[in-house]
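Since the structure is predicted, the reported quantities are computational estimates derived from the model, not experimental observations.
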Amino acid sequence: MLQELGFLAFTLPQVEIRMPTKTPRGQELTLEQQAANQALTQRRLRIEHVNSSVKRCRIVKDRIRLWKEGVRDVVMDICCALHNFRVRLTPWQPMI
């Protein structure tokens, strides 16, 4: 799981959390740390693009006022399925 500084309190059991290395005060990161940070940034950016593509379905962005059990999950599943269908029609670069 990729994690940013805004979600430090969120943890899951048996899940490895990968965070970018912060630059120590008055020092610089090593080349390996910079490369690792860049790799994490590229993966995070790809994930953010997928999230924005799923949000093309307006029902995901707006407040859902459907309170019946499981309806919100079905809505998200349908929007993700539409995203996957769109990707298969116009393939992107492979996921990293």
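Distance CZ/Arg88 to NE2/His83: 10.5 Å, rounded to 0.5 Å. For the atom pair CZ of Arg46 and CD of Glu48, the computed distance is 12.5 Å after rounding to the nearest 0.5 Å. Taking OG1 of Thr41 as the start and CD of Gln38 as the end, the distance is 7.5 Å to the nearest 0.5 Å. Expressed to the nearest 0.5 Å, how far CZ of Arg44 lies from CD1 of Ile47 amounts to 9.0 Å.
Across every non-hydrogen atom of Leu66 and Arg72, the tightest pair is O-NE, 3.5 Å. In terms of heavy-atom proximity, Lys61 sits nearest to Lys55 at CE-O, 3.3 Å.
In this structure a side-chain-to-backbone donor-acceptor pair under 3.5 Å is missing from Ser53 to His49. Remark: side-chain polar atoms of Asn37 are not paired, donor with acceptor, to backbone N or O of Pro20 under 3.5 angstrom.
Residues Val71 and Val60 fall within the same hydrophobic cluster, defined by Ile, Leu, Val, Met, Phe, Trp and Tyr side chains chained together at heavy-atom separations under 4.5 Å. In terms of hydrophobic clustering, with Ile, Leu, Val, Met, Phe, Trp and Tyr side chains grouped at heavy-atom distances under 4.5 Å, Ile59 and Val74 are assigned to different clusters. Using a 4.5 Å cut-off between side-chain heavy atoms of Ile, Leu, Val, Met, Phe, Trp and Tyr, with links allowed through other members, Val50 and Leu82 fall into different hydrophobic clusters.
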Worked verdict on Val54 versus Met76 for side-chain contact (heavy atoms from CB on, under 4.5 Å): CA-CA 9 Å; Val54 170; Met76 189 63 176; 3.9 Å; yes
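Counting non-hydrogen atoms of other residues, nucleotides and ligands closer than 6.0 Å to CD of Gln33 gives a total above 12.
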